[in-house]
**Q** 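One structure is given below, represented as structure tokens, and several questions about it will come after.
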Protein chains: 2
Amino acid sequence: MKSLIPNEAIRRILFSKLSEQVPNFDFAAVQLSAQLLMSSQQTIHLFENHFAQWGLSQGRFAILMLLYNLPENDWTPVKLAEATCVTKATVTGLVNNLSRDGYITRQQHPDDGRKISLRLSESGEQFVQGMIPQHFEQISQIYSNLDGQQIKQICDALTLLQQVIIPGAEKETKQYIE
Amino acid sequence: MKSLIPNEAIRRILFSKLSEQVPNFDFAAVQLSAQLLMSSQQTIHLFENHFAQWGLSQGRFAILMLLYNLPENDWTPVKLAEATCVTKATVTGLVNNLSRDGYITRQQHPDDGRKISLRLSESGEQFVQGMIPQHFEQISQIYSNLDGQQIKQICDALTLLQQVIIPGAEKETKQYIE
DNA sequence: TGAAAATAGTAAGGCGGCTAACTATAATTG
DNA sequence: CAATTATAGTTAGCCGCCTTACTATTTTCA
């Protein structure tokens with residue numbers, strides 16, 4: 001699997017070289033960082049593979065879910081960008097591909113000439129309807145080896161992590177909406 | 001921050017719609033998946049921002065570290081691809097940019113006409129030398145609010161996660177080397 | 001009401017992943 | 001030794017993310 005982090009053997013040599021060279025080399029912190037990054041990539045990778053079963057990505061899936069389950073919401077690219085926390089340029093790209101694949105349609109908004117109304121097409125609707133049960137069944141399977149106590153253990157650790165890590169991500173320069 | 005996962009409010013509505021529609025909707029699993037994904041993205045995001053201070057990415061940093069700390073290794077694109085767990089095409093891209101930026105040089109390998117020897121340039125060496133102390137100082141700072149017990153708690157949770165999630169990522173089709 | 005400002009959407013171009021297909025060189029083997 | 005096969009590296013092209021810059025429309029407000 002992709003990781004960008006050297007394997008155990010190389011890492012060991014690397015760290016020993018670094019510890020001679022960097023004053024107060026914080027072995028635990030570096031090791032934890034490597035573990036965190038690998039674990040994060042692994043998680044994302046798992047879901048990427050999962051969605052790839054249907055030719056989807058996280059972003060494509062998110063858009064389809066919103067259009068399918070909240071159709072009364074009169075979705076536009078900007079609304080989708082807000083709801084999924086990506087830039088509107090990213091939504092343009094996702095919508096381009098979803099529309100090329102015949103899953104969604106763009107229509108002029110009746111009230112506002114700047115807006116575009118996004119809707120699931122007939123085949124898009126059928127597609128989502130078909131994948132939803134499989135998707136949620138599989139998601140449920142992922143954790144079938146964990147008991148409630150273990151799930152809580154993971155949730156607690158994530159919460160702890162979040163509290164520590166958020167301060168580090170203070171200055172946000174990206175063009176997210178809202 | 002980017003997430004591709006709807007915010008709390010939208011998620012709540014979404015889940016309630018889904019639970020009416022999907023038999024045995026596993027609320028806990030879906031919620032945990034969302035939390036895992038968000039946490040993973042946040043972690044990766046933190047390190048991306050961190051490396052961006054020096055115009056680096058995880059991949060660029062990994063390559064620079066290997067060339068700098070293990071120069072006796074006679075690095076080639078394939079070796080870097082193995083060591084960093086990405087495809088050789090990805091290494092070509094990273095090497096292109098690092099070399100464009102003047103940090104590394106490509107040289108014909110003396111023994112094997114197919115190979116390319118990669119080395120840090122003078123300025124690359126200076127650059128790495130300058131960033132290393134800052135980098136490791138900041139990495140150490142990230143966890144300064146955690147005590148040993150909390151670090152252990154996170155490590156244990158990551159290990160647990162890994163055990164659960166690895167089975168899901170069985171079939172790997174990508175062109176990784178080795 | 002007419003000019004300025006805000007908003008919606010897209011396009012162009014960059015980065016970092018990927019695959020597939022290609023060239024060149026080396027190694028193997030019949 | 002010649003032919004096949006394996007290896008090293010690059011290229012081309014796709015996806016999803018980003019920023020910047022643009023057009024078109026709407027809203028605001030002097």
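Letters A, B, ... mirror the listed sequences (proteins, then strands); counts begin at 1.
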**Q** Could you check how far CD of A:Glu48 sits from P of C:dC18, rounded to whole Å?
**A**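 Rounded to whole Å, this separation is 10 Å.
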**Q** Could you tell me how far apart B:Gln175 (CD) and D:dG9 (C1') are, to the nearest whole angstrom?
**A**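 Distance, rounded to whole Å: 13 Å.
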**Q** Whole angstroms only, please: what is the OH-P distance between A:Tyr176 and D:dT20?
**A**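 Distance check: A:Tyr176 OH to D:dT20 P gives 13 Å.
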**Q** Any donor-acceptor pair under 3.5 Å linking the side chain of A:Ser33 with the backbone of A:Ala29?
**A**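 Between the backbone of A:Ala29 and the side chain of A:Ser33 there is a qualifying donor-acceptor contact (under 3.5 Å).
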**Q** Report yes if at least one side-chain N or O of B:Arg100 is closer than 4.0 Å to OP1 or OP2 of C:dC15; otherwise report no.
**A**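 Affirmative; the distance criterion is met.
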**Q** Establish, with yes or no, whether the OP1 or OP2 oxygen of C:dG9 is under 4.0 angstrom from a side-chain nitrogen or oxygen of A:Thr76.
**A**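 Affirmative; the distance criterion is met.
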**Q** Give a yes/no answer on whether the side chain of B:Thr92 brings an N or O atom under 4.0 Å of OP1 or OP2 in D:dT10.
**A**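 Affirmative; the distance criterion is met.
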**Q** Rounded to whole angstroms, how far apart are CD1 on B:Ile116 and P on C:dA26?
**A**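 For the pair B:Ile116 CD1 and C:dA26 P, the rounded distance is 12 Å.
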**Q** Report the distance from atom CD of A:Gln107 to atom P of C:dG9, rounded to the nearest whole Å.
**A**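 Between P of C:dG9 and CD of A:Gln107: 14 Å.
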**Q** Would you say B:Thr90 places a side-chain N or O within less than 4.0 Å of OP1 or OP2 belonging to C:dC18?
**A**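 Checking B:Thr90 against C:dC18: at least one side-chain N or O falls below 4.0 Å of OP1 or OP2.
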**Q** Classify B:Ile44 by what it touches in the nucleic acid, base, sugar-phosphate, or nothing, heavy-atom distance under 4.0 Å.
**A**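 Since no nucleic acid heavy atom lies under 4.0 Å of B:Ile44, the category is nothing.
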**Q** Report the nucleotide, chosen from D:dT25, D:dG16, C:dG17, that has the shortest atom-to-atom distance to any side-chain atom of A:Arg60.
**A**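 Output: D:dG16.
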**Q** Is there, by distance only and without an angle test, a donor paired with an acceptor across the side chain of A:Lys2 and the base of C:dG17 below 3.5 Å?
**A**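 Check fails, no donor-acceptor contact within cut-off.
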**Q** Take the protein atom NZ of A:Lys88 and the nucleotide atom P of D:dT25, then report the distance between them rounded to whole Å.
**A**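 Answer to the nearest Å: 15 Å.
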**Q** Hey, which sits more toward the 5' end of DNA chain D by its nearest nucleotide, A:Gly113 or A:Gly59?
**A**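 Closest to the 5' end, via its nearest nucleotide, is A:Gly59.
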**Q** Determine whether a donor-acceptor pair (N or O, by modelled atom type, separation under 3.5 Å) exists between the side chain of B:Ser121 and the backbone of B:Tyr103.
**A**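 Checking the backbone N and O of B:Tyr103 against the side chain of B:Ser121, a donor-acceptor pair under 3.5 Å is found.
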**Q** Between B:Leu120 and B:Val128, does a side-chain contact (heavy atoms from CB on, under 4.5 Å) hold up when you go through it step by step?
**A** CA-CA 9 Å; B:Leu120 277 188; B:Val128 174; 4.2 Å; yes
**Q** Take the protein atom CZ of B:Arg114 and the nucleotide atom P of D:dG9, then report the distance between them rounded to whole Å.
**A**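 These atoms are roughly 9 Å apart.
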**Q** Just checking, is any N or O donor in the side chain of B:Gln41 or B:Glu48 under 3.5 Å from an acceptor N or O on the other one?
**A**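 No donor-acceptor contact under 3.5 Å links the two side chains.
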**Q** Does the B:Ser19 side chain pair with the main chain of B:Ser16, one donor and one acceptor, at a distance under 3.5 Å?
**A**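 Side chain of B:Ser19 to backbone of B:Ser16: a pair is present.
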**Q** Atom NE2 of B:His109 to atom P of D:dG9: distance rounded to whole Å?
**A**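 My rounded result for the distance is 9 Å.
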**Q** So, OP1 or OP2 of C:dT10: does either fall under 4.0 Å of a side-chain N or O from A:Arg106?
**A**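 Yes, A:Arg106 has a side-chain N/O under 4.0 Å of OP1/OP2 on C:dT10.
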**Q** For C:dT10, does OP1 or OP2 lie under 4.0 Å from any side-chain N or O of A:Asn96?
**A**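 So the side-chain polar atoms of A:Asn96 never come under 4.0 Å of the phosphate oxygens OP1 or OP2 of C:dT10.
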**Q** Would you classify B:Val86 as touching base, sugar-phosphate or nothing, given that sugar-phosphate means primed atoms plus P, OP1 and OP2, and contacts are heavy atoms under 4.0 Å?
**A**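 Sugar-phosphate contact only - B:Val86 comes under 4.0 Å of backbone atoms but never of a base.
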**Q** If you find the nucleotide of DNA chain D closest to A:Asp111 and the one closest to A:Leu56, which residue's nucleotide is nearer the 5' end?
**A**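 This one resolves to A:Leu56.
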**Q** Toward the 5' end of DNA chain C, which comes first, B:Ala89 or B:Gly93, by nearest nucleotide?
**A**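 Whichever sits nearer the 5' end wins; that is B:Gly93.
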**Q** Checking the side chain of B:Asn7 only, and the main-chain atoms of B:Ala9 only, is there a donor and an acceptor separated by less than 3.5 Å?
**A**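 Yes; judged by distance alone, with no hydrogens or angles, the pair exists.
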**Q** I want to check one thing: is the phosphate of C:dC18, taken as OP1 and OP2, less than 4.0 Å away from some side-chain N or O of B:Thr87?
**A**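 The answer is yes; a side-chain N or O of B:Thr87 sits under 4.0 Å from OP1 or OP2.
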